[in-house]
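Data block below; observations after.
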Amino acid sequence: MIPESFIADRPTSLRRRPGYGVIARYRDWLPVSESDPVISLGEGSTPLVAAEKLSEILHCETWIKVEGANPTGSFKDRGMTVALSVAAGQAVQAVVCASTGNTSASAAAYAAKAGLSTIVLLPAGRIATGKLAQAIVHGAKVVQIDANFDDCLELARKLAHEYPVALVNSVNPNRIEGQKTAAFEVIDELGDAPEVHVVPVGNAGNISAYWRGYTQYMSAGKATRTPRMWGFQADGAAPLVLGHPVLQPETVATAIRIGNPASAEQALAARDESGGLIEAVSDQQILDAQAFLAREEGIFVEPASAAGVAGLLAKQQRGEIESGLKIAVTVTGHGLKDIDAALSRLGPIHAEVVTADLLAVATVCGLLD
Ligand SMILES: *Cc1c(COP(=O)(O)O)cnc(C)c1O
């Protein structure tokens with residue numbers, strides 16, 4: 001039998017494990033009070049991988065921040081641990097989000113951990129199955145709305161206003177606070193900020209969060225500089241590049257298929273204050289970058305996550321990248337979330353059937369050539 005004292009003690013001691021999760025690591029920088037329970041799945045502290053092939057192509061020292069390594073497979077977990085910890089400290093029954101996928105996957109997991117229920121409002125139509133599966137498996141109530149993402153977000157806001165429900169989209173400031181810790185980690189690891197930081201841009205919360213993290217850390221003397229922020233949208237969903245909302249956003253990169261970004265103002269401020277830019281890349285460039293990351297760097301990301309690398313490769317081809325820069329690029333979510341998109345360019349999965357014979361196998365594998 002397990003002694004009762006062990007059962008009583010264990011969860012608390014686990015939650016207090018040093019360095020376990022974003023709140024444990026960066027508590028002084030986050031709006032979590034002593035009375036809030038810490039709802040963590042051990043997010044953050046993701047790999048910063050030296051990208052040798054990409055560095056060679058760009059003639060720049062390039063680092064890839066692999067956010068697909070978070071517990072639910074995207075950077076959303078950094079913000080969700082803070083949003084759910086604060087929500088759990090208040091008298092709410094449920095959390096609600098409008099989502100194209102990863103926000104709902106993360107919200108559902110963290111709400112399950114917190115003992116709260118989750119409501120997900122989805123625009124009816126295309127959503128990556130992996131993400132929907134996550135929300136459903138974690139027990140979320142998923143409601144498809146016959147409208148676009150922006151309408152879903154408006155409904156979610158109203159639901160949170162009228163009922164004991166916390167809104168956990170990135171318009172919840174606690175989300176951005178948690179997400180800024182990725183910039184802290186880059187500085188902690190590299191010893192200073194890079195000269196350029198590259199991110200995909202959808203609802204524009206993440207680029208704003210990185211900029212906040214970089215500026216706060218520099219003000220505290222933890223870095224000597226802030227990077228230029230380079231954001232990349234998809235051609236068919238590029239409101240920040242066009243300068244106006246896009247009514248029918250369309251791109252294979254579903255996580256950035258957003259026509260009217262909630263954090264547009266902060267993202268444009270991040271761009272301008274950092275001396276950076278926000279540009280667009282085509283779906284083909286995104287899928288090429290996804291394949292490049294998988295085959296050359298060993299990192300499998302979902303299409304939206306490859307937009308930053310696609311942007312870097314496109315700028316390099318146009319001769320727009322100075323040699324010798326120190327660049328960090330965030331890949332935002334795991335490739336397994338959307339295998340249909342990843343396989344779409346390859347056709348049906350094809351693996352030859354061969355007799356169980358050493359020579360036959362070696363021949364098929366081209367080892368005899
Ligand atoms: C949410 C998300 C984005 C877009 O981030 P924003 O903060 O909305 O700009 C990009 N990639 C992935 C994988 C995401 O989940």
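Just so you know, ligand 1 is whichever comes first in the structure, and atom 1 is the first atom listed for that ligand.
For ligand 1, the protein residues placed under 4.0 Å by at least one non-hydrogen atom are Phe75, Lys76, Asn102, Val201, Gly202, Asn203, Ala204, Gly205, Asn206, Ala255, Ile256, Glu302, Ala304, Ser305, Thr332, Gly333.
Evaluation of the ring pair (Phe, Tyr, Trp, His ring centres under 6.0 Å) rule for Tyr217 yields Trp29, Phe184 as partners, not counting sequence neighbours.
The existence of a salt bridge linking Glu43 and Arg78 is excluded, since no basic side-chain nitrogen approaches an acidic carboxylate oxygen closer than 4.0 Å. One finds no salt bridge joining Lys76 and Glu67 here, because no Lys/Arg side-chain nitrogen approaches an Asp/Glu carboxylate oxygen to under 4.0 Å.
To the nearest 0.5 Å, atoms CG (Leu121) and SG (Cys97) are separated by 7.5 Å.
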Identify all side-chain donor-acceptor contacts of residues 127-139 below 3.5 Å with residues at least two apart in sequence or on another chain.
| residue | atom | partner | partner atom | Å |
| --- | --- | --- | --- | --- |
| Lys131 | NZ | Glu302 | OE1 | 2.7 |
| Lys131 | NZ | Glu302 | OE2 | 3.4 |
| Gln134 | OE1 | Lys337 | NZ | 2.6 |
| Gln134 | NE2 | Thr72 | O | 3.0 |

Under 3.5 Å, side-chain donor or acceptor atoms of residues 147-163 against the rest of the protein: list the pairs with distances, not counting sequence neighbours.
| residue | atom | partner | partner atom | Å |
| --- | --- | --- | --- | --- |
| Asn148 | OD1 | Asp150 | N | 3.1 |
| Asn148 | OD1 | Asp151 | N | 3.0 |
| Asp151 | OD2 | Asn148 | N | 3.3 |

